[in-house]
Each structure stands twice: as C-alpha cells, then as structure tokens.
**Q** 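Provided herewith is a single structure, encoded as structure tokens, for subsequent inquiry.
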Amino acid sequence: MRAVQVTTLEGPEHVAVAEVEAPTPGPGQVVIEVSHAGVTFPELLQTRGMYQVKHPLPFTLGSEAAGIVSAVGEGSRFSVGDRVATITGKGTFAEFLLANDEQVLLLPDSLSLEAAAGIPMNVLTADFTLRVRANLQPGRTLLVHGAAGGLGSALVQLGLAMGAEVVAVVSTEEKAQVVRDLGAQHVVFADGFKDAVLEIFPDGVDFVADPVGGDRFTDSIRSLRRYGQVLVLGFTAGEIPTVKVNRLLLKNVAVSGVAWGEATRDDRNLIHSQWEAITDHLASGALDPHIHGHFPLERAAEAIAVLDERAVLGKVLLDVNPSLT
Ligand SMILES: NC(=O)c1ccc[n+]([C@@H]2O[C@H](COP(=O)([O-])OP(=O)(O)OC[C@H]3O[C@@H](n4cnc5c(N)ncnc54)[C@H](OP(=O)(O)O)[C@@H]3O)[C@@H](O)[C@H]2O)c1
C-alpha cells in the first residue's frame, strides 16, 4: 500500500510516498481503509524530530483519520464495514492503518468521513481543555489564541457550544473573517491583544486557552480576571514561555498544563467518554471543522507546509481514498 513516510528528520519537504506492507490486525485491533486523514501540528514537529513522542525511522506519518473498517482482529468490538474515526498518533497518512479498539470511534450516520477526519485530535483536545480541565460554564468568558488554526477553531466552536462568550485572537484579517464566521463574539489581533481585551472586558476574561505560547504569555496572564486560568496547550510560536509566579498572586490566577494525549494514556476510556460528551454538539452541527483545503497523499509535504507557514485556516485534510463514504 502507499504511505507517507518520514525517513530523515530534515523537515516536511522531505516526506514522500512509499510502498509499504499493509497491516494485519492482532487481537483487539482493526485495520481501517482511510478516506481522509487530518493534518496536525505534531506531524510538522515529527518531521523535524521535535515532538515529544519520537518514533524510530522510517515511520509512517499521521495522527488521525477517518475511514471504513476493512479487517478486525480476534475479540475486536468493531465489524468490517463500520464507519469510524481514529486517533493513533502515527500511521494514518496511508491507504490502510492499524488501530487498537480503544483508539477507534464509531461515527453517527449524520457525520461525513471528511468532517470526521478533522475531529479527533482538535475536538477531543478542546473538550478535554474546556470541559475537563476548565469546567467551563455558560456565560463565562474564554479567550482563544491561534483561533483560526485547527485546535483554535475547535476551541472556539466548542466554547460557543458550551455557552461561553468567546474572544478569538488571530494575526490576519483573513483569519479574523474565519473566526467571525465560526461565531466568535469578539475578534482581536495578536499584536496588542491585551489592551483590546481589557477594553472589552475591563476586569479581564475567565479563561485563556493558549496553543501558541511565545512572547504573548505574560499578557495572557494580565488579561485574566480574578480567579482566572490560563490553559497551556502548545508552543506554535516556537518559544516556551516562562512565568514569574508573583504574577499568579496578584489576582489569584492559575496556569494549568493541558496534555490530552498524556491523559488518554492514563485513562484508556477517556476518548469514548469524551465522544459521548460531544455527541449532541456533533449532531447539532455546532462542531463542524472549517476545512482549509484538501491535498492528495502525494502532496503531503505541501499540506504540512501550510501549518509551517502559519497560513492554516481551520483544518487541512489529506484525501487518501475520498470515494469511500
Ligand atoms: N496539549 C495538547 O493536548 C495538544 C493537543 C493537540 C495539539 N496541541 C498543540 O496545539 C498547537 C496547535 O496545533 P494546531 O494543529 O491547531 O496548529 P495550527 O492549525 O497550525 O494552528 C496554530 C496557530 O498558531 C498560531 N501561530 C503563531 N505563531 C506561529 C508560528 N510561528 N508558526 C505557526 N503557527 C503560529 C497561528 O495563529 P495566528 O497566525 O493567528 O497567530 C496558527 O493558527 C500545537 O503546538 C500542537 O502541538 C496540543
């Protein structure tokens, strides 16, 4: 079968399609024929050996996908023909992928394979962030950095679905339009965002969700209201910020690490309980990834480059076998 392989840690332009052996399922596993795979920031980092989870070379890239179960191992709770999405952390940029049962989510008929491919990592991380770690309640205020990106747009959509008032932080007018279309009540630009936020909410916001990091971090803390919380998700800006902890005392605020992948390793049932928690939002269309664009498997390098160039508007998808439905 064809698969996008990483053979050297020199960046996304060096990934290439190769012929590799198709997988066979072991006990409690399934093989999925992939229709679409979602492109996520960890893939970009993995092509440079900069992600915390490191796979021995060569390996097939890709964290998430949607498709149809084509073979099941002994004892699997899935059946051939099931429409599913999966988050495996590797191997999804391929015609067929191997997944453990606990990594597989059965799709409702209403959800297309295309939409489902963009959901697992971003939407489940957003749910873990807002429902599990922040206990976000209706009427609270939520600022989202990188709001037009994959994770950012999922945080905006889920925050709105949970009844929050959302401030989306973006770097360009084009991205501002995307988050307005998602329904964000307030949109501010990354440059000078703190002053803009404090003009809207003079006491600050309840939560800041931050997949970006870098030099905006101190201003994120300054944008919090009393008892507020910054949720640290990632560092797309490159720099890992440091925090002077006296700032936390000034207004009784907290900085919390949010590592969804780590939590799934601790709790094997987590993604299934999360899937249940978001079912209504999926059915209502409140969680519907904004698709940036589609790339064929052969152009995976270009697809990843969109994220590298800070150009992504929502979710980039790889079309592997889009004729599957
Ligand atoms: N903690 C967790 O559990 C977890 C789970 C999933 C993903 N993540 C992390 O979340 C982060 C975002 O992932 P994603 O898939 O949403 O990425 P993405 O779609 O590429 O979005 C990243 C956003 O970061 C902003 N950004 C600022 N400086 C940037 C730079 N130098 N290069 C690229 N982007 C820059 C951009 O927004 P502006 O241009 O508007 O600033 C962009 O929209 C990654 O670090 C990823 O590893 C964490």
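When a ligand or atom number is given, it counts from 1 through the structure's own listing order.
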**Q** To check your reading of the model: name the closest protein heavy atom to atom 38 (P) of ligand 1, its residue, and the distance in Å.
**A**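 For atom 38 (P) of ligand 1, the nearest protein heavy atom comes out as Ser171 OG, 3.4 Å.
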**Q** For atom 18 (P) of ligand 1, what's the nearest protein heavy atom and its distance?
**A**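 Going by distance alone, atom 18 (P) of ligand 1 is nearest to Val312 CG1, 3.7 Å.
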**Q** Of all the atoms in ligand 1, which lie at a distance below 4.0 Å from a heavy atom belonging to Gly149?
**A**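 Those qualifying, in numeric order: 19 (O), 21 (O), 43 (O).
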**Q** Are there over 12 heavy-atom neighbours, none belonging to Glu173, within less than 6.0 Å of that residue's CD?
**A**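 For Glu173, atom CD is crowded (more than 12 foreign heavy atoms under 6.0 Å).
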**Q** So if I count the atoms of ligand 1 from 1 in the order they appear, which ones are less than 4.0 Å from some heavy atom of Val258?
**A**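 Those atoms are 1 (N), 2 (C), 3 (O).
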**Q** May I ask you to test the His145-Arg216 pair for a side-chain heavy-atom distance under 4.5 Å?
**A**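 Yes, their side chains come closer than 4.5 Å.
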**Q** Nearest protein heavy atom to atom 3 (O) of ligand 1, by residue and atom, and its distance?
**A**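 The closest one turns out to be Trp260 N, 2.8 Å.
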**Q** For ligand 1, which atoms sit closer than 4.0 Å to a heavy atom of Arg216?
**A**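 Atoms satisfying the 4.0 Å criterion: 41 (O).
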**Q** Does ligand 1 have any atom sitting under 4.0 Å from a heavy atom of Gly238?
**A**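 No, Gly238 has no heavy atoms under 4.0 Å from ligand 1.
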**Q** Is it true that Ala259 lies under 4.0 Å from ligand 1, counting heavy atoms only?
**A**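 It does; at least one heavy atom falls under 4.0 Å.
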**Q** Is there a polar contact between ligand 1 and Lys175, counting only N or O atoms under 3.5 Å apart?
**A**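 Min N/O separation from ligand 1 is below 3.5 Å for Lys175.
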**Q** Please name the pair of heavy atoms, one in His281 and one in Ala277, separated by the smallest distance, quoted to 0.1 Å.
**A**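 Smallest interatomic distance, heavy atoms only, reads CD2-O, 4.4 Å.
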**Q** Is a side-chain donor or acceptor of Lys315 paired with a backbone partner of Val39 at a separation under 3.5 angstrom?
**A**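 Yes, Lys315 side chain to Val39 backbone: donor-acceptor pair under 3.5 Å.
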**Q** Counting both backbone and side chain atoms, is some N or O of Thr125 under 3.5 Å from an N or O of ligand 1?
**A**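 Thr125 vs ligand 1: no N/O contact under 3.5 Å.
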**Q** Can you confirm, on distance only, whether ligand 1 has an N/O atom lying under 3.5 Å from any N/O atom belonging to Leu151?
**A**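 Indeed, backbone or side chain, Leu151 has an N or O that close.
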**Q** Would one find an N or O of Gly150, backbone or side chain, under 3.5 Å from an N or O of ligand 1?
**A**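 Right, the criterion is met.
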**Q** Return the closest protein heavy atom for atom 32 (N) of ligand 1 as residue, atom name and distance.
**A**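 Looking only at protein heavy atoms, the one closest to atom 32 (N) of ligand 1 is Thr236 O, 3.5 Å.
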**Q** Between the main-chain N or O of His55 and the side-chain N or O of Lys90, is there a donor-acceptor pair closer than 3.5 Å?
**A**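 Between the backbone of His55 and the side chain of Lys90 there is no qualifying donor-acceptor contact (under 3.5 Å).
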**Q** What's the shortest heavy-atom distance between Ile87 and Trp260, and which atoms?
**A**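 Looking at all heavy atoms of both residues, the shortest contact is CG1-CH2, 3.8 Å.
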**Q** Would you find a donor on one side and an acceptor on the other, under 3.5 Å apart, between the side chain of Glu309 and the backbone of Val306?
**A**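 Checking the backbone N and O of Val306 against the side chain of Glu309, no donor-acceptor pair under 3.5 Å is found.
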**Q** Quick one: closest heavy-atom pair of Ser76 and Asp101, and the distance?
**A**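 Taking Ser76 first and Asp101 second, the nearest heavy atoms are OG-OD1, 2.9 Å.
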**Q** Please report the shortest heavy-atom distance between Pro12 and Asp308, naming the atom on each side.
**A**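 That would be CG-OD2, 4.2 Å.
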**Q** Which residue and non-hydrogen atom of the protein lie closest to atom 15 (O) of ligand 1, and at what distance in Å?
**A**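 Looking only at protein heavy atoms, the one closest to atom 15 (O) of ligand 1 is Phe41 N, 3.3 Å.
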**Q** Taking distance alone, with no angle check, do Ala148 and ligand 1 share an N/O pair under 3.5 Å?
**A**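 Ala148 vs ligand 1: no N/O contact under 3.5 Å.
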**Q** Do Asp319 and His294 meet the criterion of a side-chain donor-acceptor pair at a distance under 3.5 Å?
**A**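 Per modelled atom types, Asp319 and His294 side chains form a pair under 3.5 Å.
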**Q** Of the non-hydrogen atoms in Val169 and Phe189, which two are nearest, and what is the gap between them?
**A**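 For Val169 and Phe189, the tightest heavy-atom pair comes out as CG1-C, 4.2 Å.
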**Q** Testing Val167, Leu160, Thr141 one by one against Gln185 for a side chain to side chain contact (heavy atoms under 4.5 Å, CB included), which residue passes?
**A**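 Only match with Gln185 under side chain to side chain contact (heavy atoms under 4.5 Å, CB included): Leu160.
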**Q** Look at atom 48 (C) of ligand 1 and say which protein heavy atom is nearest, naming residue and atom and giving the distance to 0.1 Å.
**A**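 Of the protein heavy atoms, Leu233 O, 3.0 Å lies nearest.
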**Q** Heavy atom to atom 11 (C) of ligand 1, shortest distance: which of Ala237, Gly314, Pro211, Gly257 holds it?
**A**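 Comparing heavy atoms across Ala237, Gly314, Pro211, Gly257, the nearest one to atom 11 (C) of ligand 1 lies in Pro211.
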**Q** Taking the side chain as every heavy atom from C-beta outward, state whether Val316 and Thr40 have any pair of such atoms under 4.5 Å apart.
**A**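 Heavy-atom side-chain distance check fails, nothing below 4.5 Å.
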**Q** Which of the atoms of ligand 1 are close to Met121, meaning less than 4.0 Å from one of its heavy atoms?
**A**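 What qualifies from ligand 1 is 6 (C).
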**Q** Would you say Arg310 and ligand 1 have an N/O pair spaced under 3.5 Å apart?
**A**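 So ligand 1 has an N or O lying under 3.5 Å from an N or O of Arg310.
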**Q** Looking at Phe235, which atoms of ligand 1 are within less than 4.0 Å of one of its heavy atoms?
**A**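 By the 4.0 Å cutoff, the relevant atoms are 45 (O).
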**Q** Can you confirm, on distance only, whether ligand 1 has an N/O atom lying under 3.5 Å from any N/O atom belonging to Thr40?
**A**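 Looking only at distances, the answer is no, because the N/O contact criterion of under 3.5 Å is not met.
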**Q** Can you list the ligand 1 atoms lying under 4.0 Å from a non-hydrogen atom of Val212?
**A**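 Near Val212, the atoms of ligand 1 are 24 (O), 25 (C), 27 (C).
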**Q** Under 4.0 Å from any heavy atom of Leu307, which atoms of ligand 1 are there?
**A**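 Taking each heavy atom of Leu307 in turn, ligand 1 has 20 (O), 33 (C) under 4.0 Å.
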**Q** Do other residues, nucleotides or ligands put more than 12 heavy atoms under 6.0 Å from Arg226 CZ?
**A**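 Not buried by this count: 12 neighbours or fewer within 6.0 Å.
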